[in-house]
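Accompanying notes for the structure given below.
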Amino acid sequence: MEVSLSINGEVRSFDVEPRTLLVHLLRDHAKLTGTHVACETSICGACTVLLDGQAVKSCTVLAVQADGCEVTTIEGFAEDGKLHPIQEQFWEKHGLQCGFCTPGMILTAYQLLERNPDPSEAEIRRGIDGNICRCTGYQHIVDAIQAAAVELGKK
Amino acid sequence: MIPSAFEYLRPETLEEAIRLLQENSEEAVLLAGGHSLIPILKARLAQPGILIDISRIPGLKGIGREDQALLIGGMTTHHEIESDPEVNEVCPLLAETASLIGDVQVRNRGTIGGSLSHADPAADYPATLIALDAEFVVTGPDGARSYRAENFFEGPFDTAMEENEILTSIIVPAPQGKIGGAYCKAAQQASGFAVCGVAVTVMLSDNGQIEFASIGITGVSASPYRASGVESALTGQAPTAETIEAAADRATEDIEPIEDLYGSAEFRGHLARVWTKRALEQAVKMAGS
């Protein structure tokens, strides 16, 4: 089945089986492996991407459901080679250890800050509770998102 | 984890969707946001031959107002409900309930119609929609008809809907007056599903007595239910601590609490009584303020 979607601003078409999950289209067909696969059960959030601007778990979306939509993955998050302020603050505040959850965590953080530019610590923790860090580095992740909120607020 | 192969159809009208359902009733299932169905397909707990995606049918999505009621399209997402200004103003209990479902990624995709049709006995909406005395409108080959929320759920993952029917909208009455509402739940830690969820609506009369109380409970029994005993113990009474506590003790009258790895039947019964009391206290406080 033909699926056509915009990935990081570039419209691309793929011939996939209807049962193909969006995460596999991104990784195996579009060769964008920044989106990670971990639990495969809609829990961990490692596969989070933006679908028409909304954070979704791409292991729980069929590629055919994304037909005609815009997808943003971590590869499309930096602009003109410059890291997004959220990425910068994950770097600055050591918001990652092994890094496996990071792409999903950053895209969920983006969604959170877009809807709530000045979140409390509790709101941040609730906002990212669909993303699991198995290094348990949550404190630094929360710090990074708080710092990113400050940076984004200056713009 | 990859589902077994299926054919994917995306009708553009409700009529076409119903026709496709009729033509393929043996092997077709409806796909809305997919956040109940796709995990089931991946685990191969179901292997339907055809998926009919109804999420893009115009008119099935969105929130409107009709007199003293909210009209919510079945394909409206949990996020749209939690963030809608009108829902927050007219029926904050429903917005709050939607905001407590799963996580943000789930709420961005999952739909109210999909969730209700799936009829998970631990889902959040049923408690609240029973407490709000909502109506579910379903459309099938013979036209539309509606169910009261409390008559819709017939068991785990089972509803009163007939074959080839689609849950198209939810009508939520929004009575005026000294109304308070609350939804309190003890959640499974990983998924957020309710081990026990209690939704309460109360209306106080001008002299401060309880004019009516409406209570829906989810997660505790094989189906969400109306706690009629609690309601009748409150009607016409002053909302004192003693009255509320005595009423809440009747939360599991007439039902058999279920038992699973999240809690024994005894524990669930205990949760139902404690959370009913808490939800009542919150709702009464809100109604009086």
Side-chain angles (χ1 to χ4, degrees), chain A residues 1-3 16-25 28 37-69 104-105 107-116 119 123-132, chain B residues 1-10 12 28-56 61 75 77-80 82-83 96 99-111 114 187-193:
Chain A
M1 196 171 170
E2 174 97 353
V3 172
V16 297
E17 280 190 82
R19 62 175 165 168
T20 307
L21 302 171
L22 178 59
V23 69
H24 295 310
L25 178 140
D28 303 341
V37 177
C39 79
E40 299 190 68
T41 54
S42 327
I43 299 281
C44 80
C47 64
T48 300
V49 300
L50 302 179
L51 181 62
D52 284 343
Q54 296 205 314
V56 303
K57 293 178 177 175
S58 60
C59 81
T60 312
V61 177
L62 301 170
V64 288
Q65 288 178 292
D67 186 27
C69 299
M105 203 63 91
L107 291 169
T108 303
Y110 172 81
Q111 173 88 97
L112 167 69
L113 295 178
E114 191 206 18
R115 290 178 178 169
N116 181 0
E123 286 168 339
I124 292 174
R125 290 181 182 274
R126 171 62 177 150
I128 61 168
D129 73 355
N131 292 70
I132 294 172
Chain B
M1 287 168 73
I2 308 219
S4 61
F6 52 77
E7 192 185 339
Y8 172 83
L9 305 173
R10 192 194 295 146
E12 288 177 3
V29 297
L30 294 174
L31 172 67
H35 273 54
S36 301
L37 181 61
I38 293 174
I40 288 171
L41 299 180
K42 286 162 64 179
R44 303 208 177 190
L45 296 169
Q47 304 188 23
I50 298 174
L51 254 56
I52 302 173
D53 182 352
I54 57 170
S55 63
R56 297 196 194 185
K61 198 180 179 69
M75 295 303 98
T77 64
H78 313 322
H79 172 69
E80 287 164 340
E82 72 173 311
S83 61
E96 187 198 349
S99 78
L100 293 174
I101 295 170
D103 51 53
V104 65
Q105 293 100 317
V106 170
R107 295 194 299 280
N108 280 342
R109 290 292 294 173
T111 65
Q188 297 172 20
Q189 284 300 298
S191 67
F193 271 104

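Note on naming: letters A, B, ... go to the chains in the order of the sequence lines (proteins, then strands), and numbering restarts at 1 for each one.
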- Query: Highest number of heavy-atom pairs under 4.5 Å with chain B: which of His24(A), Glu17(A), Met1(A)?
  - Reply: Met1(A)
- So, for Val64(A) and Arg56(B), which heavy atoms are closest and what is the spacing to 0.1 Å? O-NH2, 4.2 Å
- Query: Will you find, in the side chains of Gln65(A) and Ser55(B), an N or O donor that is under 3.5 Å from an N or O acceptor?
  - Reply: no
- Query: Of the backbone (N, CA, C, O) and the side chain (C-beta and beyond), which part of Leu37(B) lies under 4.5 Å from a heavy atom of chain A, both, or neither?
  - Reply: neither
- Message: Measuring only between side-chain heavy atoms, which start at C-beta, is Asp103(B) closer than 4.5 Å to Lys57(A)?
- Response: yes
- Distance in Å, Arg115(A) CZ paired with Glu82(B) CD, rounded so as to fall on 0.5 Å steps: 7.0 Å
- Could you walk me through whether Gln105(B) and Asn131(A) pass the side-chain contact (heavy atoms from CB on, under 4.5 Å) test, one step at a time? CA-CA 9 Å; Gln105(B) 293 100 317; Asn131(A) 292 70; 2.8 Å; yes
- Note on the structure: Output for pair (Glu80(B) CD, Gln54(A) CD), nearest 0.5 Å, gives 7.0 Å
- Task: Could you pull out the closest heavy-atom pair between Pro18(A) and Tyr8(B), with the gap in Å?
- Result: CB-CB, 3.7 Å
- Message: Is any side-chain heavy atom of Arg109(B) closer than 4.5 Å to one of Thr60(A)?
- Response: no
- So do the side chains of Leu62(A) and Leu31(B) get within less than 4.5 Å of each other, counting heavy atoms only? yes
- Task: Counting only heavy atoms closer than 4.5 Å, note whether Gln111(A) contacts chain B via side chain, backbone, both or neither.
- Result: side chain
- Message: Contact between Cys59(A) and Lys42(B) at the side-chain level, heavy atoms closer than 4.5 Å - yes or no?
- Response: yes
- Item | Contact origin within Ser99(B) toward chain A - heavy atom pairs under 4.5 Å | backbone
- Query: Does Asn108(B) reach the main-chain N or O of Val56(A) with its side chain, forming a donor-acceptor pair under 3.5 Å?
  - Reply: no
- Query: Within a radius of less than 6.0 Å around CD of Glu12(B), do more than 12 heavy atoms belonging to other residues, nucleotides or ligands occur?
  - Reply: no
- Portion of Val37(A) that has a non-hydrogen atom of chain B nearer than 4.5 angstrom: neither
- Item | CD/Gln189(B): more than 12 non-hydrogen atoms of other groups inside 6.0 Å | no
- Query: chain B: which of Thr108(A), Leu112(A), Ile132(A), Ile128(A) shares the most heavy-atom pairs with it under 4.5 Å?
  - Reply: Thr108(A)
- Just give me the residue among Ala43(B), Gly102(B), Gly34(B) that pairs up with chain A most often, heavy atom to heavy atom, under 4.5 Å. Gly102(B)
- Note on the structure: Taking every heavy atom of Leu21(A) against every heavy atom of Pro3(B), the minimum-distance pair comes out as CD2-CD, 4.5 Å
- In terms of heavy-atom proximity below 4.5 Å to chain B, should Thr48(A) be classed as side chain, backbone, both, or neither? side chain
